[in-house]
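Order of the sequence lines fixes the chain letters, A, B, ..., with proteins taken first and strands second; residue numbering starts at 1 for each chain. All values below were derived from every heavy atom in this structure, side-chain atoms included, with hydrogens, water molecules and symmetry-related copies excluded.
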Amino acid sequence: MEKTFQPQQIEEYWYRSWEERGYFSPRGEGTPYCIAIPPPNVTGRLHMGHGFQHAIMDALIRLHRMQGHQTLWQVGTDHAGIATQMVVERQLTAADTNRHELGREAFVDKVWDWKDESGGIITQQLRRMGSSLDWSRERFTMDEQLSNVVEKVFIDLYEEGLIYRGNRLVNWDPQLHTAISDLEVVSEEEDGYLWHFNYPIADSDEHLTIATTRPETMLGDAAVAVHPEDERYAHLVGKFVELPLCNRRIPIISDDYVDPEFGTGCVKITPAHDFNDYEMGKRHNLEVINILTDGASINEEAPEAFRGLDRFEARARIIEAIESLGLLEKIEPHKLKVPRGDRSGVVIEPYLTHQWYVAIQSLADPAIKAVENGDIEFVPKNWENTFFAWMRDIQDWCISRQLWWGHRIPAWYDYKGNVYVGSSESAVRQKHQLSDKIELHQDEDVLDTWFSSALWTFSTLGWPDDLEYFNKFHPTNVLVTGFDIIFFWVARMIMMTLKFTGEIPFKKVYITGLVRDEHGQKMSKSKGNILDPIDLIDGIELDALVKKRTSDMMQPQLKQKIAELTRASYPAGIAAYGTDALRFTFYSLASTGRDIKFDVGRTEGFRNFCNKIWNAARYAMMNSEGDSLSPEWNPAEFSSADRWILSRLEQTIGEVLAALEDYRFDLASQSLYEFIWNEYCDWYLELSKPILWDKDNNPQAARATLSVLLTVLERSLRLLHPFMPFLTEEIWQKLAPLIGIKGDSIMLQPYPERDPTNFDEVAQAEISWLKGIILAIRNIRGEMDISPAKSIRAFLRGSNEQDKTCLRLNRVYLQKLAKLESIEWLNPDQVPPTCATGLHNNVEVLVPLAGLIDISAETARLEKEIGKLETGLKSISGKLGNENFVSKAPDAVVTKERAKQGEMQAALTSLRSKLDELNNVSA
RNA sequence: AGGCGCGUAGCUCAGUUGGUUAGAGCGCUACCUUGACAUGGUAGAGGUCACCAGUUCGAAUCUGGUCGUGCCUACCA
């Protein structure tokens, strides 16, 4: 074995081997267990959020597989309509053309080409994470079968009247020329202005002043509104204003919606370009005047002077024009929330269009109920509130997108605009008995990608035609995803799945935190703080990292700053930590919080942990000298150390299983880390040395210890395998044969189960005594600055027979681990030479001072110890001195405190007398 | 404006139903290349658990409030 763990030498090999041998497919007859992957964008790249969630899913999957379930991790990708189309459009722009020049069919072919070209990347990256996905069942949202489900669902909902076509305001992305849903709009506060315009009152010399943040929309104004109780304007209600620049008269109306405190208390109403105004327009029967084109420039409805101008150019011209008319009252700086498309980043316009909607209410009710009655549980539970809040105020879902990449809406129109919905043009003709002479054309739009994602759990399992897998694995057991898509995806999946299959899609929803950078900032391309999971696995040079973070930027002016920050955060680039270390980092961070600050320091720590395990295995196997041990063992031969480590392993198994039950991967990983490093490596390995090195004199004990050494390691590897698949497999392959365990892979071995017979309180007490004595001696050595190379003498003194026995049984260990020349028992009345003193419970640990230490150092040390004890004692005595505590606290607690007080008092007395002795010596 | 989180060691975080002298990792200090491992070992320093009240024999933990901070939802043109 190599002296250090080299992850890159083994990961690829083992993954390929598992995949080729079909280990990722369900096997056996156990209870089915299934997770459906949240489908990543087929042309996307793996990011930290994926890495994190896949680490978690894989741990769950590997755990259940080892526990004997028929386990399926259903894999697939989605077509990511807008994102993918944008990428290809950008390529066309670079080639100096565009999709319209190309035509729809050729464009869609191009997207398929792009999918074929780049579509393998993310699935390869998933493999690098060690994810044991069943690749033989890989699906894509645009596969024929899945597309058929999409179509069926659309048609069924339409025929039931739950999908309808509506003409209303939507969020319009003028760059992408498509509607997007509320959820795809992000509003951030930005600096803007509030322009105050004077609108002249018709047939009067008066004017009123409106305030607006979007002056260009005045071209579509249909009214001016004031609050009904606003006395300043009461006399104007019912009159008209002359809308400047437009030569139109519009009414002055009153409506509760108006806030008299804001601006001037007069608000211009533009029903075609503002959601609130639209509602008010409906209340007051106002004209809806659309003044924008698809691309958000001014259209034919507007006065000629502004036609064809981009909206922002038009804004500037209108302000100029108003000013030249003397109607510009003032301009105030103003902070406002600007809605932008989450993909394109451009300002979204409320825009009046025909779109397809899902009438959501009747679907929402059962979904709410499923969570209320506990059929579906969120983990952590408080996310249910977020879910409820949104579901109880849910809006109809706009599902049409004016894109070319996606599932085309199965609707046809005749020349009169009648709509026919069906699976194909001929099906529609047949159903509605339309003659071939009537020309039909299909709806140009495609469906929101989330529409197909909402069907994911059942469409990937073969529903509705091939029900074998569906019947076995649906509902899936758990969905692992981020809170950012509870509305986008989780809620919609619940609604659609209940509607069509009558089943919930999953029993649990485990909501993970969001991975942020080491300062708590969201990772984003524009901030330049992205970490690529693959770079953490393989490592990356600083220059390459800087280049990666600064290339292809939307805002090139940030380049230098990002480069500096990157150089400051990663002066040496990123080392190659390997997949197991990265995965373990994710587990350790997976607590209940919703922000996960990713700290590379932790990954480094876990890389070291991997190396620790590697070397422990190296030690264990070196000592076995290639002999294979019989699997039968004789517990009668076990030392207390042997029984102790088995007992601790038993506890660890219990902790890990309990933590996993609660999805507390952080606790599970911590138990494993502590056990393996702080118990097995730090103590058991050291305790095994004197036994193994004394093989010739005591072969039975050596054989027993060796078998425990190997067995505990083997069980630990199995316990650890769901978290660190590669390292554990590599070691297990070498280790298992040594103790007669046969099997092709650790991933098909049974997961350790609880076995209370391994729990051994006596052994734990004895080893805890041993540790305490060793720690006391080491403490003296450390504080007294005694070279670790120097063997020293030590004495133990006390009156307890049990302590005496412990010394007798553990003398060898003490001598080895504390590097002692000798250790002898003194009876309480025996007077040792001048010593440095430590205490473990009631045992005095004495190290003769002669020639080793200066007395003042020991005095200082004792005083420090005494100080600590005094502080502790004061607080305990305070408690016990309190009548109320003694009378009201449970007896067990009081007894415990009393015992503690006694011990501390004794210790204090003993140390004080030591201090006195020293003072006498030095005097 | 509402809702939900969070505030524990220099940093990143645990702390299960209130009962410890408040823990871990990284970092820090000192010493050590001893035959698994310097990606290591041994010892050590470091915290008024944001603040203020309250409940209780007892509060990091429960309640109320304050401050700070983050996110989500709805928004004032």
Side-chain angles (χ1 to χ4, degrees), chain A residues 1 3-5 187 194 210-214 217 225 257-259 261-270 274-277 334 336-337 382-383 385-386 389-390 393 483-484 486-487 514 516 518 520 522 575 577 581 588-589 591-602 604-623 658 662 664 666-667 670 673-674 678 681-682 685-686 689 693 775 778-789 819 868-869 871-876 879 882-890 892-894 896-897 900 904:
Chain A
M1 281 176 86
K3 199 174 165 185
T4 53
F5 175 51
S187 294
L194 200 53
I210 56 92
T212 180
T213 54
R214 295 194 299 156
T217 62
Y257 163 77
V258 181
D259 176 4
E261 304 295 318
F262 187 88
T264 59
C266 297
V267 57
K268 61 189 225 38
I269 303 301
T270 322
D274 182 284
F275 289 100
N276 290 309
D277 291 6
H334 180 68
L336 72 163
K337 294 252 181 143
N382 47 332
W383 286 109
N385 294 328
T386 306
W390 189 69
D393 187 31
F483 58 82
D484 49 334
I486 288 181
F487 309 144
L514 223 56
R516 299 168 177 282
E518 68 273 25
K522 203 166 172 171
Y577 297 118
S588 74
L589 295 171
S591 63
T592 55
R594 53 199 212 184
D595 292 323
I596 291 155
K597 289 188 207 170
F598 191 89
D599 179 4
V600 185
R602 308 260 336 227
E604 187 176 343
F606 293 126
R607 187 269 316 257
N608 297 349
F609 180 45
C610 291
N611 190 53
K612 191 77 181 173
I613 299 167
W614 181 260
N615 273 287
R618 210 156 73 95
Y619 166 82
M621 289 193 273
M622 279 164 80
N623 277 289
D662 292 337
R664 288 299 303 269
D666 58 329
L667 299 180
Q670 202 183 339
Y673 184 95
E674 265 175 28
N678 302 131
C681 292
D682 284 353
L685 240 62
E686 295 306 321
K689 285 176 183 174
W693 293 349
L775 253 28
R778 282 179 182 168
N779 178 270
I780 291 170
R781 291 192 92 112
E783 302 246 315
M784 294 293 100
D785 219 11
I786 301 172
S787 157
K819 184 125 178 144
K868 275 191 196 169
L869 279 170
T871 316
L873 202 53
K874 211 197 285 180
S875 104
I876 284 198
K879 264 190 206 179
N882 183 339
E883 274 302 312
N884 284 322
F885 173 72
V886 179
S887 59
K888 292 189 181 171
V893 174
V894 177
K896 202 171 128 199
E897 294 295 313
K900 225 190 310 179
M904 288 171 89

Check: Stacking check: are the rings of A:Trp693 and B:G35 less than 5.5 Å apart at their centres and under 30 degrees in tilt?
Finding: yes
Check: How is A:Ile210 classified with respect to the nucleic acid when contacts are heavy atoms under 4.0 Å: base, sugar-phosphate, or nothing?
Finding: nothing
Check: Reckon A:Thr213 touches a base, only the sugar-phosphate, or nothing at all at heavy-atom distances under 4.0 Å?
Finding: sugar-phosphate
Margin query: Which nucleotide wins on minimum distance to the side chain of A:Pro890, given the candidates B:A77, B:A14, B:G19?
Written below: B:G19
Next item on the list: Would you indicate what A:Cys681 reaches in the nucleic acid, counting non-hydrogen atoms under 4.0 angstrom: base, sugar-phosphate, or nothing?
Entry: base
Notebook entry, point to check: How is A:Ala889 classified with respect to the nucleic acid when contacts are heavy atoms under 4.0 Å: base, sugar-phosphate, or nothing?
Noted result: base
Next item on the list: Check the distance between B:G25's P and A:Phe609's CZ and give it to me in whole angstrom.
Entry: 12 Å
Note to self: Does a side-chain N or O of A:Lys612 approach OP1 or OP2 of B:G41 to a distance below 4.0 Å, or not?
What the structure shows: yes
Notebook entry, point to check: Quick one: stems for RNA chain B, with Watson-Crick or G-U pairs under 3.5 Å, at least three in a row?
Noted result: B:1-7 with B:67-73, B:10-13 with B:23-26, B:28-32 with B:40-44, B:50-54 with B:62-66
Check: With distance as the sole criterion, do the side chain of A:Lys3 and the base of B:C37 form a donor-acceptor contact below 3.5 Å?
Finding: no
Notebook entry, point to check: Quick one: is A:Ser591 getting a side-chain N or O under 4.0 Å of the B:A14 phosphate, OP1 or OP2?
Noted result: yes
Next item on the list: Give A:Lys689 one of three labels, base, sugar-phosphate or nothing, depending on what nucleic acid heavy atoms sit under 4.0 Å from its own.
Entry: base
Next item on the list: Establish whether the base of B:A36 is bridged to the side chain of A:Glu686 by a donor-acceptor pair shorter than 3.5 Å.
Entry: yes
Margin query: Once hydrogens and angles are ignored, does a donor-acceptor distance under 3.5 Å link the base of B:U39 to the side chain of A:Arg607?
Written below: yes
